[in-house]
Amino acid sequence: MNPLLSLSGVDAGYDGVPVVYDLDLTVGEGEVVALLGSNGAGKTTTLLTISGLLPRLGGELTVLGAGVSDGRHRTERRTLDLARRGLAHVPEDRALFFELTAGENLRLGAQRGDDEAVETALESFPRLHELSHRNAGLLSGGEQQMLALARALAGRPRLLLIDEMSLGLAPIVVEQLLPTVRAIADDTGAGVLLVEQQVPAALAIADRVYVLRRGRVAIEGNASDLRRRRDLLEASYLGDIDEDK
Amino acid sequence: MVNFAHAALGMYVAFAYFELRQTGELVLPIIGLPDRVSIVDAPTIETALITCALLSAVLGLVIYFCVFKWLRTAPALARVVASLGLLLYFEAIVELRFTETSATQLSLGSILPEGSSEWFGVSVPNNRFMLAGLALLVALVLRAVFRHTRFGLATRAAAENEKGVLLLGHSPDRLAAINWMVASLLAGVSVILIASVTKQLDPLATSLLVVPALAAALFGGLRSFVVTALAGLGIGMAQSAILNFTTQTDWIPSWIPQGGFQQALPFLLIVIALTVRGETLPGRSTIPESRLPNSPHPRFVGMTTLILSGATLIGLLTLDSQWRLAIVVSMIAALIALSSVVLTGYVGQISLAQFAFAGVAGFATAKLAVDAGIPFPWAPIIAVAMTTGLGLLVGLPAVRVRGMTLAVATLGAAVAIEELLFKSSALGGLEGQRVPRPRLFGIDLGFSAIGSDNFRPAFGIFVLVVLVAVFLAVANLRRSPTGLRWLAVRANERAAAASGINVPATKLSAFAVSSMIAGIGGVLLGYQLEKLAPASFTVFAALALLALAYLGGIASTSGAVIAGILVSGGIVTQLSGGDIGGSPDRQFAISGLALIAMAILYPDGISGAARRALARRRRLRQLVSNNADADARAADRSPADS
């Protein structure tokens with residue numbers, strides 16, 4: 001079976017200057033893959049390049065079964081095209097529409113007339129039910145993150161990219177949200193690529209893990225193995241600091 | 001997106017409609033395309049209306065794809081500048097393509113049925129009611145569309161966060177294009193209907209309809225269609241009522257110009273309403289204003305000033321009188337642009353009233369000198385102090401509004417000052433007000449002279465001294481703690497307040513400084529022109545100067561200098577021999593297009609672009625030398641290492 005997402009030798013970066021080099025990565029159906037690494041390792045850059053918000057600088061990128069070969073200025077078309085084919089990207093800033101109500105945010109996430117998907121998304125986050133008439137800008141940080149996830153879900157994604165879901169959230173909220181992500185993958189068969197700083201929480205739900213260090217893959221393996229080998233992970237994070245000294 | 005050319009587009013389409021009805025020819029507004037195409041011999045009202053509605057929609061589409069698509073991620077001010085370019089273009093193209101005779105002799109036949117009915121003893125034409133009803137109906141339809149349809153929701157979402165809608169699979173381009181078409185169509189058809197009811201169609205006055213329209217839109221928070229429509233109707237009715245009232249009573253002092261209250265009052269009311277509703281700090285869910293160009297720490301100020309002022313001095317002393325005039329025009333424009341640099345560039349408060357402040361100081365100097373007999377250095381000093389006070393007064397409400405809202409509010413203030421003060425008979429009315437020559441210690445500093453010696457260098461040197469002093473003062477302020485506070489407020493008002501900066505006081509200090517600078521510029525402009533009239537300080541000139549200041553580089557003192565050099569009648573005009581292609585109207589059209597092109601090419605201004613190019617060259621050079629070092633080191637190591 002073909003993976004939903006495959007990167008082979010991909011270079012990614014800004015203004016033609018790569019910050020991620022030669023990245024090989026796959027995400028299969030129903031799989032939760034965690035992308036870890038310290039700040040500045042290139043995790044967010046990788047996600048932006050996959051969804052087309054950044055032009056790919058080199059290598060081969062296959063998303064949802066179609067190869068991507070775009071020039072510098074064609075990325076917007078690609079983002080649109082991928083979004084319509086089932087890629088959902090929850091960016092770091094959540095990209096919510098603050099002046100629209102939570103319900104309207106959800107409606108925009110769903111396909112035209114797909115009210116059922118909105119309902120299903122709401123079932124995953126019951127708290128949003130009572131908030132659906134409130135402007136998104138007035139929700140708390142945790143509620144906003146729920147809304148961002150729910151909005152992505154409402155589009156019935158086949159591949160879900162989630163960037164730093166735990167950013168600024170209380171640990172207890174993260175503990176509630178991450179299992180929901182696992183459930184999405186299990187229930188809908190969507191593949192999930194999860195960028196996360198809360199390493200233990202991410203390891204708890206992920207199938208496989210990639211650890212980036214300075215734009216290159218430092219460790220790659222099964223989450224269950226890495227749960228037992230915390231020393232490896234620590235070395236890859238701390239090694240960075242040693243090098244800086 | 002606030003489009004100052006919206007009414008101008010409608011104005012053009014209305015001209016095209018009435019011309020089409022008369023001649024059966026559709027006039028095209030694009031330079032390079034044929035002037036007119038024949039449609040049908042004698043078009044009916046329906047044919048002409050539909051043709052012109054289509055023309056509006058197509059124009060909207062063309063404008064989006066040729067201009068605003070490229071400015072989607074540019075600072076809001078770059079879009080304002082482009083819309084001003086568009087406004088100039090439409091003004092010029094109407095003058096170009098509708099010959100004088102045809103434009104004034106257009107028979108503005110009615111579209112809505114004639115006849116009138118009695119209401120409370122007053123006879124009101126029926127078509128007025130139909131027009132009002134139509135406006136409300138359109139507002140209700142728009143409200144329904146933007147509240148309940150997916151397209152409407154996506155549009156509102158895109159206005160806030162384009163990346164967000166893109167990631168959800170909605171094309172921001174498509175949304176923008178459709179909205180441009182709808183908005184242009186509405187502008188076109190409404191101006192046709194308005195002109196057919198009022199029997200008036202004047203290129204300038206109709207384009208300025210955008211001011212009350214924006215006021216109404218502000219009242220609706222740039223959000224609510226129905227409130228906007230009601231506010232628009234309210235403004236219109238209030239204006240008629242005021243006109244009625246002022247013509248019937250005699251207690252209004254005679255120096256207030258006819259129609260002054262009518263133009264100014266509704267707007268002032270809206271500004272007051274906005275101020276009461278505004279907050280001194282933006283709330284939590286406020287979407288941050290889009291960025292302004294980088295404001296660099298001024299460097300090499302002494303050296304640059306020395307070189308530039310030396311060159312100017314040599315120019316003033318050696319070049320002929322036409323050149324001296326051009327240099328003086330440029331220097332005064334640079335001064336007024338400098339006032340925008342302080343307020344808009346450093347503190348992020350978009351003000352369109354700077355030119356009006358200049359006018360107040362200019363007129364005040366003349367009045368003080370002529371009527372009160374106050375001699376030279378004191379009259380302008382008192383006038384500038386008065387202008388600073390006025391700037392503080394305008395600044396007080398401005399502390400509670402920001403961004404585009406402030407831009408429109410200050411535009412309204414400028415219109416009010418123009419209508420109530422500059423057109424006042426006490427200031428000479430349309431005739432103009434004489435400004436006496438400046439004279440210091442027996443030295444004549446006046447500009448004009450009789451005969452070949454016209455445009456005396458003495459005045460030029462006087463202006464240069466003032467400009468250099470203000471320039472250095474602004475550069476120093478930018479480097480002082482005050483300047484840092486200004487930039488902090490510009491960057492983030494909430495963060496500035498959180499770090500202990502008194503945000504309202506900081507904004508007020510900038511309003512004071514910038515209105516003072518504008519006042520100085522206005523005084524000098526008065527001395528240069530020697531006679532001030534309402535036409536010396538029009539809103540259009542104010543918009544054009546802000547556009548140039550933005551293009552020069554609104555966030556740096558060098559930008560003001562570039563704006564001065566570019567100003568119409570200034571050094572660039574003189575260099576080009578005062579002739580850039582044909583008739584004045586053609587020149588206007590071309591300069592409008594140039595403004596748009598420059599906004600697209602340099603969305604951060606010319607000085608910013610130059611600085612970036614220099615920085616890139618420096619970086620490249622560094623990169624090359626670093627690589628050479630690395631290569632040298634690699635050559636020392638064994639190949640297995642790499």
Side-chain angles (χ1 to χ4, degrees), chain A residues 15 17 47-48 50-54 73 75-101 103-115 134-141 144 147-148 151-152 154-157 160-161 163, chain B residues 65 69-70 72-73 143-177 220-225 279 282-290 403 494 612-613 615-616 619-620 622-624 626-627 642:
Chain A
D15 287 333
V17 182
L47 292 201
L48 292 175
I50 293 169
S51 65
L53 290 175
L54 278 179
H73 299 288
T75 54
E76 188 173 311
R77 269 257 51 98
R78 181 172 119 212
T79 306
L80 274 179
D81 185 48
L82 287 176
R84 287 170 186 166
R85 282 185 16 225
L87 174 76
H89 182 170
V90 182
E92 217 169 352
D93 60 10
R94 298 162 190 166
L96 291 176
F97 310 121
F98 285 177
E99 309 233 333
L100 267 55
T101 64
E104 289 169 335
N105 267 282
L106 286 175
R107 232 183 106 192
L108 279 177
Q111 302 290 319
R112 186 178 291 281
D114 192 357
D115 293 338
R134 191 174 296 179
N135 275 11
L138 299 177
L139 302 184
S140 75
Q144 287 185 2
L147 179 59
R151 191 177 70 179
R156 300 183 190 269
L160 188 55
L161 311 178
D163 201 350
Chain B
F65 278 107
K69 175 184 162 70
W70 310 103
R72 249 175 46 196
T73 57
R143 178 186 129 112
V145 167
F146 281 84
R147 275 227 175 149
H148 302 300
T149 70
R150 215 176 141 74
F151 162 76
L153 287 183
T155 299
R156 280 162 59 202
E160 189 184 318
N161 189 331
E162 285 202 351
K163 184 181 80 178
V165 290
L166 189 63
L167 284 175
L168 296 182
H170 306 268
S171 163
D173 249 350
R174 207 176 125 245
L175 291 169
L222 296 175
R223 206 165 281 132
S224 163
F225 289 107
E279 303 265 357
R284 181 180 175 188
S285 67
T286 309
I287 303 145
E289 285 287 323
S290 59
R494 281 155 57 91
R612 259 202 313 282
R616 192 175 306 135
R619 261 206 317 276
L620 267 180
Q622 213 168 16
L623 207 65
V624 170
N626 283 354
N627 280 349
S642 59

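Remember, predicted model here, so these are calculated numbers, not experimental data. Chain letters run A, B, ... following the sequence lines, proteins first and then strands; every chain starts at 1.
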Can you tell whether the side chains of A/R85 and A/D81 come within less than 4.0 Å, N to carboxylate O?
yes
For the interface with chain B, which of A/A95, A/S51, A/G155, A/A88 has the highest count of heavy-atom pairs at distances below 4.5 Å?
A/A95
Donor-acceptor check, side chain of B/N161 to backbone of A/F97, threshold 3.5 angstrom: yes or no?
no
Could you tell me if the side chain of B/K163 sits less than 4.5 Å from the side chain of B/L166, heavy atoms only?
no
Under 4.5 Å from any heavy atom of chain B, what part of A/N135 do you find: side chain, backbone, both or neither?
neither
With a 4.5 angstrom heavy-atom cut-off, could you sort out which part of A/A110 is near chain B: side chain, backbone, both or neither?
backbone
So A/L53 and B/L167, do their side chains get closer than 4.5 Å, heavy atoms only?
yes
Pair count under 4.5 Å, heavy atoms only, with chain B: among A/H89, A/R151, A/R112, highest is A/R112
Interface residue of largest heavy-atom contact number with chain A, from B/A159, B/S171, B/A157, under 4.5 Å
B/A157
Do B/E160 and A/F98 come close enough that some side-chain heavy atom pair is under 4.5 Å?
yes
Closest-packed option against chain B by number of heavy-atom pairs under 4.5 Å, given A/D93, A/L82, A/N105:
A/D93
